[in-house]
Each structure stands twice: as structure tokens, then as C-alpha cells.
Amino acid sequence: MSAPSVPLVLNTTSASVELARSLGLRLVDEWSEQPDQLHVFFDEGRLVIGLAPHNRENPVAVDFELSLRNRHPGKELLLKAVGGSRNRATVLDATAGLGRDSFLMASYGCTVTMCERMPVVAALLADGLRRAGRSYDCAEIASRMDLRQENAAAYLAGLAEADCPDVVYLDPMFPVSGKSALVKKEMRLFHSLVGLDEDSGVLLDLALQRARHRVVVKRPPKAPYLGERKPQLSIAGKAVRFDIYPLKAFAK
Ligand SMILES: C[S@@+](CC[C@H](N)C(=O)[O-])C[C@H]1O[C@@H](n2cnc3c(N)ncnc32)[C@H](O)[C@@H]1O
């Protein structure tokens, strides 16, 4: 596996300079000639990341309005995994990424704290949240989502007992072959940006100590258990499996 690549900030608006400074990335005025080079830039009011245009691949942004349209209410396995539709759990999404799963959980009524340790990914997520906060359809859901740009292990370790979440949710990087073109593109992007989350077994151990009710781990259907820890329950669909480590039942 090659080392994660460092994106460049493409100078498209006056905000690009501050973005490059805050992310500690190089600001450039032109697309790089390198075929695999990622660029972060503002495009029509959104922060996006992607390859140069000759690759003919649309850049990726966090788009919660699209996530809302693509929901399948009542059918999502994630809802069952985090505790069912009557559950208004507090969730720590310890591997927030582009926030799709967080948004889904918040749309069920969960209050979600999101930890994302990669500054570029956290910036994309913050930008998506900002736009969701101004969207008629998404604002109420986004109001239940709180982003922290930090390592979830440090966040969990520092929590006071009374502030521990009901559920800790983990979706660490894993070498998968997603079926849809979008999933493939996003997974490729994550692989080149983030690499593999090799420390996620340790994060699971900590999550099991700090969650009040359960820990849920998202895996590809045939993947080994995270940290070789066998869950008490798994719910599997065609593309994904949720391993559930129940600790204490939710109140009825
Ligand atoms: C596969 S992605 C998660 C995708 C996410 N579930 C979604 O719906 O968009 C994994 C993300 O978790 C982040 N991550 C992994 N370990 C972390 C940790 N200990 N603390 C914070 N973020 C972490 C990685 O940087 C990466 O962005």
C-alpha cells in the first residue's frame, strides 16, 4: 500500500489562502501535472477534493441534501444496528469521514458527535455541515451533529463518565470493492488520502470501555472481525455488515 498522498490547495477564491494556511498545505495557482495528485478547492460555494479535470472525474464534496434524497427510510440496517427507530441515542461516530453515516443516524433522531482526525476530511465535513445548516430540508438534522477535528481515542479517553455516549460507531478504512461508481471513487479517495486505519483495533477496545449501551462496527460482509473480537450479533446486507457489541440494554 502506497503512502497517503498530500493534497494541494488550488487557488480559486480569496478564501483559498486561509484554507491552505489552516490545513498547512501548499497553495498552487495551476493544476498539478501529476496524475494522482489530489487538489482541494472551492467550487461554486462548496469545498471539494479531486483530481485535475483531464481525469474526467467529478470532485467529491459532502452533500447532505443528496444523502437525504438517497435514504431508504425504514430499510436501513444502520438504524437497527444503533438501536431502532424509537431510540434517540447519543452516538459518537469515531470515524466520521464524509459524515454519511452520521447524517443517517442524526436523521433517525440520534444526537451525533463526529470525530475526524484528518484535517482535510474534517474541513470537507465542516463545509458540508455549514451548507446543511442553511438548507430547509437538512438544517434540523444537522443541528444534531457536532464535529470535532481530533483523534477519537483521545476524545473518548478524556470524556467524563457522565458524558459518555450511548453508542460508539466505528467505520474504519478497510480495503473494499464497493459496487457503485460513487462508492468506488470515494473509497479510492479515502485510500489515497488516509491510508488504512491500522489502529482501529485499539479504538474498539477503548470504545468498549466508554460506550454506555453498545458499540457498532461497520465492515465489508466477508471481512474478519475488527481486532479479532467476536461480536454478540451481526446484521449483514449485500454490501455491508454491522457487528454489534451490546453492553447494556436500552431502556424501553
Ligand atoms: C471509511 S471512513 C468513514 C466513512 C464514514 N462512515 C462516512 O459515512 O462517510 C474512515 C474515516 O475515519 C477516520 N478515522 C479513523 N480512525 C480515526 C480516529 N481514531 N479518530 C478520528 N478519525 C478517525 C479516517 O481519517 C477516515 O476519514
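First listed ligand is number 1; within each ligand, the first listed atom is number 1.
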For [atom], what's the nearest protein heavy atom and its distance?
| atom | result |
| --- | --- |
| atom 9 (O) of ligand 1 | L98 N, 3.1 Å |
| atom 12 (O) of ligand 1 | T95 CB, 3.1 Å |
| atom 6 (N) of ligand 1 | D171 OD2, 2.7 Å |
| atom 20 (N) of ligand 1 | A152 N, 2.8 Å |

Hey, could you give me each pair passing ring-ring contact (aromatic ring centres under 6.0 Å, His included) that has a residue in residues 134-173? Not counting sequence neighbours. none
I need the full list of ring-ring contact (aromatic ring centres under 6.0 Å, His included) pairs touching residues 44-71, with sequence neighbours left out, sorted by first then second residue. F64-F103
Is any side-chain heavy atom of L226 less than 4.5 Å from a side-chain heavy atom of S200? yes
Any non-hydrogen side-chain atom of L159 less than 4.5 Å from a side-chain atom of R210? yes
What are the two closest non-hydrogen atoms of K238 and P221, and how far apart are they? O-CG, 3.3 Å
So, is L203 polar-close to ligand 1, with some N/O to N/O distance under 3.5 Å? no
Which of these, M173, E116, K218, has its nearest heavy atom closest to atom 24 (C) of ligand 1? E116
Looking only at heavy atoms of A96, does any of them come nearer than 4.0 Å to an atom of ligand 1? yes
